[in-house]
Trainee: 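Would you mind keeping the following structure in view while I ask a few things?
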Amino acid sequence: MKMWDLLVCDVLRPAQDYVELRLQAPQPIDLTPGQFFMLRAGDTPDTYLPRAFSWYRSEDPSSISFLFRVQGPGTAHLASLKAGESLSAMGPLGQGFPLPARPIRAALLGGGVGVPPLWGLARALLAAGSEVLALIGARSQAHLVGVEEVRALGAQVLVATDDGTAGHRGPLTELLVGERVDALYACGPEGMLRRVQEISLAGGPPAHLALEAPMACGYGVCLGCVVERTHPDPSLGEYGRYARVCREGPVFPAGEVRF
Amino acid sequence: MKMWDLLVCDVLRPAQDYVELRLQAPQPIDLTPGQFFMLRAGDTPDTYLPRAFSWYRSEDPSSISFLFRVQGPGTAHLASLKAGESLSAMGPLGQGFPLPARPIRAALLGGGVGVPPLWGLARALLAAGSEVLALIGARSQAHLVGVEEVRALGAQVLVATDDGTAGHRGPLTELLVGERVDALYACGPEGMLRRVQEISLAGGPPAHLALEAPMACGYGVCLGCVVERTHPDPSLGEYGRYARVCREGPVFPAGEVRF
Amino acid sequence: MDLSVFVAGLPLKNPVLTASGTFGYGREAAELYDLSVLGGVMVKGVSREPWPGNAPVRVARAPGGMLNAIGLQNPGLEHFLMVDLPFLRQYDTAVVVNVVGHDEEGFVEVVRGVTGQAGVAAIELNISCPNVKDGLLFSQDPASARRLVEAARRETDLPLIVKVSPNVTDPVQLGHACREGGADALSAINTLLGMAIDPVRRSPVLGNRTGGLSGPAVKPVGLRIVYDLAAQVGLPVVGMGGIETGRDALEYILAGARAVAVGTAVFRDPFAPPRIVGELAAELGRHGFESAAQAWAAANPQAREAVS
Amino acid sequence: MDLSVFVAGLPLKNPVLTASGTFGYGREAAELYDLSVLGGVMVKGVSREPWPGNAPVRVARAPGGMLNAIGLQNPGLEHFLMVDLPFLRQYDTAVVVNVVGHDEEGFVEVVRGVTGQAGVAAIELNISCPNVKDGLLFSQDPASARRLVEAARRETDLPLIVKVSPNVTDPVQLGHACREGGADALSAINTLLGMAIDPVRRSPVLGNRTGGLSGPAVKPVGLRIVYDLAAQVGLPVVGMGGIETGRDALEYILAGARAVAVGTAVFRDPFAPPRIVGELAAELGRHGFESAAQAWAAANPQAREAVS
Ligand SMILES: Cc1cc2nc3c(=O)[nH]c(=O)nc-3n(C[C@H](O)[C@H](O)[C@H](O)COP(=O)(O)OP(=O)(O)OC[C@H]3O[C@@H](n4cnc5c(N)ncnc54)[C@H](O)[C@@H]3O)c2cc1C
Ligand SMILES: Cc1cc2nc3c(=O)[nH]c(=O)nc-3n(C[C@H](O)[C@H](O)[C@H](O)COP(=O)(O)OP(=O)(O)OC[C@H]3O[C@@H](n4cnc5c(N)ncnc54)[C@H](O)[C@@H]3O)c2cc1C
Ligand SMILES: Cc1cc2nc3c(=O)[nH]c(=O)nc-3n(C[C@H](O)[C@H](O)[C@H](O)COP(=O)(O)O)c2cc1C
Ligand SMILES: Cc1cc2nc3c(=O)[nH]c(=O)nc-3n(C[C@H](O)[C@H](O)[C@H](O)COP(=O)(O)O)c2cc1C
Ligand code: FES
Ligand code: FES
């Protein structure tokens, strides 16, 4: 974890309401898939707290990008940045996805704003010889992000949309039916994560979930971002009930958290 | 009084710490010298309230400029504006300088950030056939503003600085010694206004003072900007003790206010 | 979108009023737009005799808002009835007279004086001004608040709104006292007691040393107090504190406010009240409501039941 | 610039501390800079047993700040003494232990437990947390605050700082009670009780419904309370609430604070505390002071005399 002054190189609009900020760092950043950054997202009263974003793409060690949906004042500010401006960022933060000890066949599920961490994860798995099935979901075709980018890494990509305008119509997890995979990795809306958790705990493959939570600091000092643990460390007593998403997470084994 | 969306045409830096914003209005603005505008000076927590500025120059009816010293977050924001950006302004506000019924010889005194209203006043007086002696003061030569601009209108301009780096060394009012004038008009720091008031009330020429006061609204609704009246309207009772600088002022006859 | 609401029997064409002391008696804003677009106007506090207000400096900047120590400068009851009320009567908007006094008698005489006057829609008793010496007297002791409200109640059939203070340990207890005294509604919040320091002068900025904090900075405090009053006291509430947008207004309605008032925002944007009327209609639609009244009713019924 | 100050006999190398609950036990910030640059660290509240804290959602955005309802999650006294205190002992900075409890016995046992432990410089009794059910119990009644402070006083010779609540009608009265109970110093302010509403869910954002407001938005309230406490109670005060810059710190010192604490600002800028140490030195110089202690002494002596 470190403070960075990142330089905006490019602002892309890959899908409806989505923006990808491509940035340059003064030095290489050591990134694990699933980690995130706190970005300074404006100077107005509404953007006092920084905002959390997973890193998306990084073609070389000192370039990094973030992909986000414009939702409110913070993302609107980030979307208004122009090439040549600078952005204050803190990170990388948290525990990313653990990689398997040997090559496997892995299914990666990303829905909506949960797609970004999949790019880095797919790249790492593929580099280590694993096979990657990436399932990408969105409300409709116009909101789909990351499909070409993840496919270009060499992953097999399937798509689902709520309205059927692209790929399967219905929940992303239905694309798992009939697939044989050794591990699940998921990031996205709560409902989708809960479904992946159920599948995994009901005798399915082991799963890792990248959670979101409202955050204030992003680096572990405020205790604002907690999620309930299913197997708290008994030596910690009641203190162990909650884990910090920003520090012990955002990635947790599916069996470790209740949300 | 009206809300305006002004277009920034030019940002000049006429002296140390001073900025002149030259703007274009969508329609002609009816301006009286001594009137002011409330400018939206940023979106940060520190710039919630708009800031008050006298209008400075207006070469044609739909152009207007403001001249200000960079003091804090509001003026820093205004100084950061770039040609092509827009600025929200409310005005013109308040009572400007009353013009004499027939040509006179007038002395105009402007110190520091009090210089802006002199340009419009000098132009109006000269246009009506009056003679104008403009006395302009500043901390030092590097901080002098408006000298050439007011001289170019046809006024006689004398200068005083605190450190003697230009013109007379000492208070601006000392330049009045030996001058025969029919009226005084002053805008500037409290000490200077107080001295002009003394000179006028001690048998000197009638004077008008353009005051400043901390303001919230600028258009008369908050009652934040008041100054004590010397001759309150007795029919108003205690309510008459204070006048609003933004509405009954900012220009007052020297004998009417106690500050 | 049906924006009409009732506050203690008082019909409002929409739930957006202007807050007392930030709108004078309407004359200045009327130069900008037709006041008839407003749900109502809560006028600057009116006292029996004219009051001069505090010595300057009266306003100061604060992060996300401002401080004021105006001290209730106002021309007094007679001037209000002769000059200000006739002006406001020209408009189709509910005029709420904010009443202030140094003591019970001072309050009561203004209540009596405005009752029965054409064009007065309701009374707001301001027992929560932090900027005059005795401004918080009645707020700090529920029993004396109750006595004051009872005295005012005896003089008027107009809807009686009491503006409670946020500068107390327990605003709900104060609200209960006002209800028991006969209040028809509550309004909240008045400003929070605060201070600004001038490092050059090495002393407080305001002439009065302390002042009242208002603007977006206080919105969370306003929402909390409105929520508690609405859920626990059983009187309609006019909510205010930091409302700048239609979304803020909706948040107050969802916290339990029947109507809202816009204060400090008019200093930044003189057109804020009519703008917020339009924005509120859009926000209500976006969140699936068919009317302002429906939003109020839908807000968090469990929470309301839990405490009622 | 001489930045050293004393708070109730406790020497600090500079007047900038970190506020309780916004800095954990220092471990995370220590990854970024050497904690020895700080005047002190006020640690997250420590209770006798481990506490789980409140159910999420625990934080929400607010204009110019934030709301929190953490509910004092902490690992308890034993863990603090075994794990956290030894970590902090590595640094040359004053460790102030913030103490919480559900009742007098709970407070007292932690006070007893930390007294005499190497590396504990002072104790801060947190009787002002708005986010646990009994958090404001002692603040709302000066007599019980006094009894609690007396009980703590009997157990310790360490400088005893009491953190008073801003959510009361009269913080000065509370301050007097703490002084009478034997407090050596006061700290203020804790967070202001507030709420955020989610229009989509039509209900409060926070799991606890209400939360504590902090950040620049509350600075004027903090300055006012620190000014009143410093002028009227006669104890040194550690000031906090919305401090983001050296100028803010100077304003608190000129309001009467001997030292200051930085809270919410570290969420926006993790380097805020060391940055503020540097900025404060520059601001003191710019305003003609030769030391931090001199600024405190010069602040507004008339006002102080007037009330003392
Ligand atoms: C670890 C992590 C990684 C994330 N990665 C991405 C990403 O790669 N791409 C992306 O588009 N988004 C990502 N998000 C979500 C992103 O942080 C939010 O979209 C952003 O904070 C919205 O800010 P805003 O000002 O635009 O909207 P706001 O209007 O402030 O909030 C929009 C929504 O965000 C949620 N929210 C409210 N308060 C908080 C809070 N304190 N913290 C977090 N959320 C809150 C609410 O549901 C709210 O409706 C991530 C969040 C986390 C915690
Ligand atoms: C009628 C009028 C006309 C003016 N015309 C000019 C002009 O033509 N050129 C020019 O340079 N300046 C002018 N000023 C002053 C100008 O408004 C201030 O310089 C400006 O508000 C400073 O804002 P800031 O955010 O940069 O600084 P801040 O840091 O906010 O304030 C700097 C100083 O301004 C003063 N101040 C504090 N609060 C207020 C307040 N509420 N209202 C006003 N002043 C306050 C204080 O002395 C403070 O130290 C005028 C003021 C008035 C009232
Ligand atoms: C300059 C100013 C003057 C005020 N005067 C009064 C008043 O006379 N009577 C009153 O009840 N409230 C008065 N208030 C309080 C407001 O009506 C309102 O309760 C408070 O400002 C919170 O709302 P806001 O944040 O929208 O301004 C005043 C507020 C301000 C800023
Ligand atoms: C997330 C968070 C947690 C806090 N936890 C504590 C605590 O455990 N004990 C305490 O005395 N104060 C606690 N506080 C209050 C702060 O110490 C401080 O008094 C308050 O936030 C005002 O300062 P600020 O505006 O600089 O944050 C907490 C504040 C925040 C924002
Ligand atoms: S966001 Fe502060 S601890 Fe996780
Ligand atoms: S600034 Fe509001 S009345 Fe003058």
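Predicted model, so just to flag it, every value in this text is computed and none were measured. Throughout, protein chains are lettered first and strands after them, A, B, ... in sequence-line order, and every chain is numbered starting at 1.
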Trainee: What part of Phe271(C) is in contact with chain B, defined as an atom under 4.5 angstrom from a non-hydrogen atom: side chain, backbone, both or neither?
Mentor: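 Looking at Phe271(C), just its side chain touches chain B.
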Trainee: Side chains of Phe259(B) and Pro56(C), heavy atoms from C-beta outward: is any pair under 4.5 Å?
Mentor: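 SC-SC contact between Phe259(B) and Pro56(C) ruled out.
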Trainee: Work out which heavy atom in Glu238(B) is nearest to a heavy atom in Pro50(C); give both atom names and the distance.
Mentor: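 Between these two residues, the closest heavy atoms are CB-O, 3.5 Å.
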Trainee: Under a 4.5 Å heavy-atom cut-off, does chain C meet the side chain of Ser88(B), its backbone, both or neither?
Mentor: neither
Trainee: Can you check whether Met1(B) reaches Leu32(C) side chain to side chain, under 4.5 Å on heavy atoms?
Mentor: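 Counting from C-beta outward, Met1(B) and Leu32(C) do come under 4.5 Å.
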Trainee: Kindly compute the distance separating OH (Tyr242(B)) from CD (Gln73(C)), expressed to the nearest 0.5 Å.
Mentor: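 Atom-to-atom, Tyr242(B):OH and Gln73(C):CD are 8.0 Å apart.
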Trainee: Please determine whether the number of non-hydrogen atoms from other residues, nucleotides or ligands lying under 6.0 Å from atom CG of Asp30(B) exceeds 12.
Mentor: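 Counting other residues, nucleotides and ligands, CG of Asp30(B) stays at 12 neighbours or fewer.
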Trainee: Which residue out of Gly237(B), Gly220(B), Ser235(B) racks up the most heavy-atom pairs below 4.5 Å with chain C?
Mentor: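 The answer is Gly220(B).
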Trainee: Need one label for Asn68(C): side chain, backbone, both or neither, based on atoms under 4.5 Å from any heavy atom in chain B.
Mentor: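 Neither part.
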Trainee: Given the ring of Tyr48(B), does Arg61(C) sit roughly above its face, with NZ or CZ under 6.0 Å from the centre of the six-membered ring and within 45° of the axis?
Mentor: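 That pair does not qualify as a cation-pi contact.
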Trainee: Considering all heavy atoms of both residues, which atom of Gly224(B) and which atom of Arg58(C) are nearest to each other, and what is their separation?
Mentor: O-CB, 3.4 Å
Trainee: Would you say that more than 12 heavy atoms from the other residues, nucleotides or ligands in this model lie under 6.0 Å from the CD of Gln90(C), or not?
Mentor: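 Yes, enclosed.
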Trainee: Could you tell me which of Met66(C), Glu78(C), Glu31(C) has the largest number of non-hydrogen atom pairs under 4.5 Å with chain B?
Mentor: Glu31(C)
Trainee: In terms of heavy-atom proximity below 4.5 Å to chain C, should Met215(B) be classed as side chain, backbone, both, or neither?
Mentor: backbone
Trainee: Among Leu236(B), Asp46(B), Leu223(B), which residue has the highest count of heavy-atom pairs closer than 4.5 Å to chain C?
Mentor: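 Highest number of heavy-atom pairs under 4.5 Å: Leu223(B).
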Trainee: Quick one: closest heavy-atom pair of Phe267(C) and Cys222(B), and the distance?
Mentor: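 Closest approach of Phe267(C) to Cys222(B), heavy atoms only: CZ-CB, 3.5 Å.
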Trainee: Ala217(C) versus chain B, heavy atoms under 4.5 Å apart: side chain, backbone, both or neither?
Mentor: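 No part of it gets close to chain B.
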Trainee: Is a donor on one side and an acceptor on the other found under 3.5 Å between the side chain of Arg40(B) and the backbone of Asp269(C)?
Mentor: no
Trainee: Side chain, backbone, both or neither: which part of Val266(C) has an atom under 4.5 Å from a heavy atom of chain B?
Mentor: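 Looking at Val266(C), backbone and side chain both touch chain B.
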Trainee: What's the separation between atom CZ in Arg244(B) and atom CD in Glu28(C), rounded to the nearest 0.5 Å?
Mentor: 5.0 Å
Trainee: Heavy-atom cut-off 4.5 Å, strictly under: side chain, backbone, both or neither for Ala265(C) against chain B?
Mentor: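 For Ala265(C), the contact with chain B is made by backbone and side chain together.
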Trainee: If you count heavy-atom pairs under 4.5 Å with chain B, which of Pro52(C), Gly65(C), Gly21(C) comes out on top?
Mentor: Pro52(C)
